[in-house]
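We count ligands from 1, going down the list as the structure has it; atoms in each ligand are counted the same way. Quick caveat: nothing in here was measured; it's all calculated off a predicted structure.
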Amino acid sequence: MEIGVVGKPNVGKSTFFSAATLVDVQIANYPFTTIDANVGVTYAIAEHPCKELGCTPNPQNYEYREGKSLIPIKMIDVAGLVPGAHEGRGLGNKFLDDLRMASALIHVVDATGKTDAEGQPTDHHDPVEDIEFLEREIDYWIYGILRKNWDKFSKRIKLQHLKLAQAIADQLTGIGVTEEDAFEAIHKLGLDNDPTKWSDEDLFNFVRELRKVNKPIIIAANKADAAADAQIERLIKKGRSRGYIVIPTSAAAELTLRKAAKAGFIDYVPGSSDFKILKKMSPKQEKALELIRERVLNRFGSTGVQEVINTATFELLNLVPVYPVEDEHKLTDQFGNVLPHVHLLPKGSTPRDLAYKVHTDLGKTFLYAVNARTHRRVGEDYELQFNDIIKIVATAR
Ligand SMILES: Nc1nc2c(ncn2[C@@H]2O[C@H](COP(=O)(O)OP(=O)(O)OP(=O)(O)O)[C@@H](O)[C@H]2O)c(=O)[nH]1
């Protein structure tokens with residue numbers, strides 16, 4: 001599960017990505033290694049079960065801070081969103097490659113309206129147009145892939161009695177479309193089961209629906225610090241009417257706070273509404289931080305950056321954090337570490353899915369699971385809940 005950050009030039013996308021991936025804690029065993037320069041690690045932050053249970057955890061694959069879990073997530077800086085990117089304009093192909101990898105997108109827009117469609121300075125640009133523009137780029141891209149062979153392809157589905165949703169998903173595996181995604185889009189639109197009967201418009205509408213499930217987008221209304229309340233309210237309202245969550249952000253403020261925290265000047269947990277000064281700074285630095293407190297934290301409650309990441313993880317991608325343990329009374333692994341690991345699983349996952357996520361062997365030998373909170377055995381089809389603590393019982397190997 002990777003989150004892509006996308007936006008046209010000059011909206012603060014690079015600042016957002018730098019801030020989100022500037023982490024002052026390094027975890028030894030990430031579930032992944034980063035290879036590309038435009039890929040970084042960020043954290044989704046959730047309440048830790050120990051806050052409620054009064055324990056002290058020994059985290060191994062996440063970080064624990066002030067009652068919260070910082071769970072590593074891969075983030076991609078998707079560069080090169082310009083009009084026509086879907087046809088390969090600008091960094092087009094690289095842009096599409098990055099887009100392919102992302103399961104959800106954070107779309108950074110300039111809430112002040114001071115960046116035009118091509119990323120040049122202006123006085124009046126409507127950021128709502130940017131929202132539509134990204135939708136269009138993605139829609140035409142997916143449409144282009146399907147349309148290319150559509151006539152032949154749709155006839156083959158009909159003649160060979162192929163399962164429609166599955167055949168389409170096979171065609172689009174490269175961008176991560178699943179049979180369920182395709183099925184959902186077909187049914188939502190009530191499209192004919194015989195794809196040779198689809199008009200061009202049907203195909204385009206289908207692609208739009210597919211994009212909504214396959215590449216969910218959240219809007220970061222950036223440079224909120226420099227935007228008027230009315231501009232932000234309008235963007236939130238317009239975005240909402242198109243089905244988006246819009247969160248005001250100040251990527252620049254978040255970057256400053258994280259840099260100050262990393263240098264040890266302040267204590268700041270991303271997402272918080274305040275920070276604590278730890279050591280003396282220059283008057284200029286102190287003034288800059290004071291301005292952030294006044295104009296960003298006091299006004300919006302946070303810089304918004306962490307809220308965007310959390311919402312993308314827990315709402316757009318619908319992931320739930322789950323803690324596997326070996327001892328359901330002490331909440332430990334075999335070495336006595338309390339809640340050492342957390343795993344993010346899609347909502348609807350079962351204990352067996354968790355077992356597979358921990359280790360393929362554990363998945364294969366899975367017998368049953370115990371909910372450590374209730375000490376009860378849970379059924380095969382139990383849906384894992386947010387912050388569940390689960391003991392997996394498997395056959396001896
Ligand atoms: N006021 C304000 N300015 C910001 C914010 N975020 C970024 N900026 C400024 O906006 C300008 C553009 O930021 P970048 O992060 O370089 O923008 P970008 O979208 O990555 O642009 P490219 O690198 O050209 O793709 C810089 O001058 C930033 O300092 C913010 O939250 N508030």
List the steps, then state whether side-chain hydrogen bond (donor to acceptor under 3.5 Å, both in side chains) holds for H125 with D130. CA-CA 9 Å; H125 175 77; D130 298 341; 2.8 Å; yes

Other hydrophobic cluster members with L291, side-chain heavy atoms of Ile/Leu/Val/Met/Phe/Trp/Tyr under 4.5 Å, chained? none

Do we see a donor-acceptor contact under 3.5 Å between the side chains of D116 and T122? no

Angle between ring planes, Y140 versus F204, binned at 30° and 60°: parallel, tilted or perpendicular? tilted

Identify, with sequence neighbours excluded, every residue that meets side-chain contact (heavy atoms from CB on, under 4.5 Å) alongside V370. E328, Y368, K391

Would you tabulate the side-chain donor-acceptor contacts of residues 150-161 under 3.5 Å, counting partners in other chains and residues two or more places apart, or write 'none'?
unit_1	atom_1	unit_2	atom_2	d
S154	OG	W150	O	2.8
S154	OG	D151	O	3.2
K158	NZ	D194	OD2	3.4

Which N or O atoms of ligand 1 sit under 3.5 Å from a protein N or O, and how far apart is each pair?
unit_1	atom_1	unit_2	atom_2	d
ligand 1	1 (N)	D225	OD2	2.9
ligand 1	6 (N)	N222	ND2	3.3
ligand 1	10 (O)	K223	NZ	3.1
ligand 1	15 (O)	S14	N	3.4
ligand 1	15 (O)	T15	N	2.8
ligand 1	15 (O)	T15	OG1	2.5
ligand 1	17 (O)	G12	N	3.1
ligand 1	19 (O)	N10	N	3.1
ligand 1	19 (O)	V11	N	3.0
ligand 1	19 (O)	G12	N	3.0
ligand 1	19 (O)	K13	N	2.9
ligand 1	20 (O)	K13	N	3.4
ligand 1	20 (O)	S14	N	2.6
ligand 1	20 (O)	S14	OG	2.5
ligand 1	21 (O)	N10	N	2.8
ligand 1	23 (O)	S14	OG	3.1
ligand 1	31 (O)	N222	OD1	3.3
ligand 1	31 (O)	D225	OD1	3.4
ligand 1	31 (O)	S250	OG	3.3
ligand 1	31 (O)	A251	N	3.0
ligand 1	31 (O)	A252	N	3.2
ligand 1	32 (N)	D225	OD1	2.8
ligand 1	32 (N)	D225	OD2	3.4

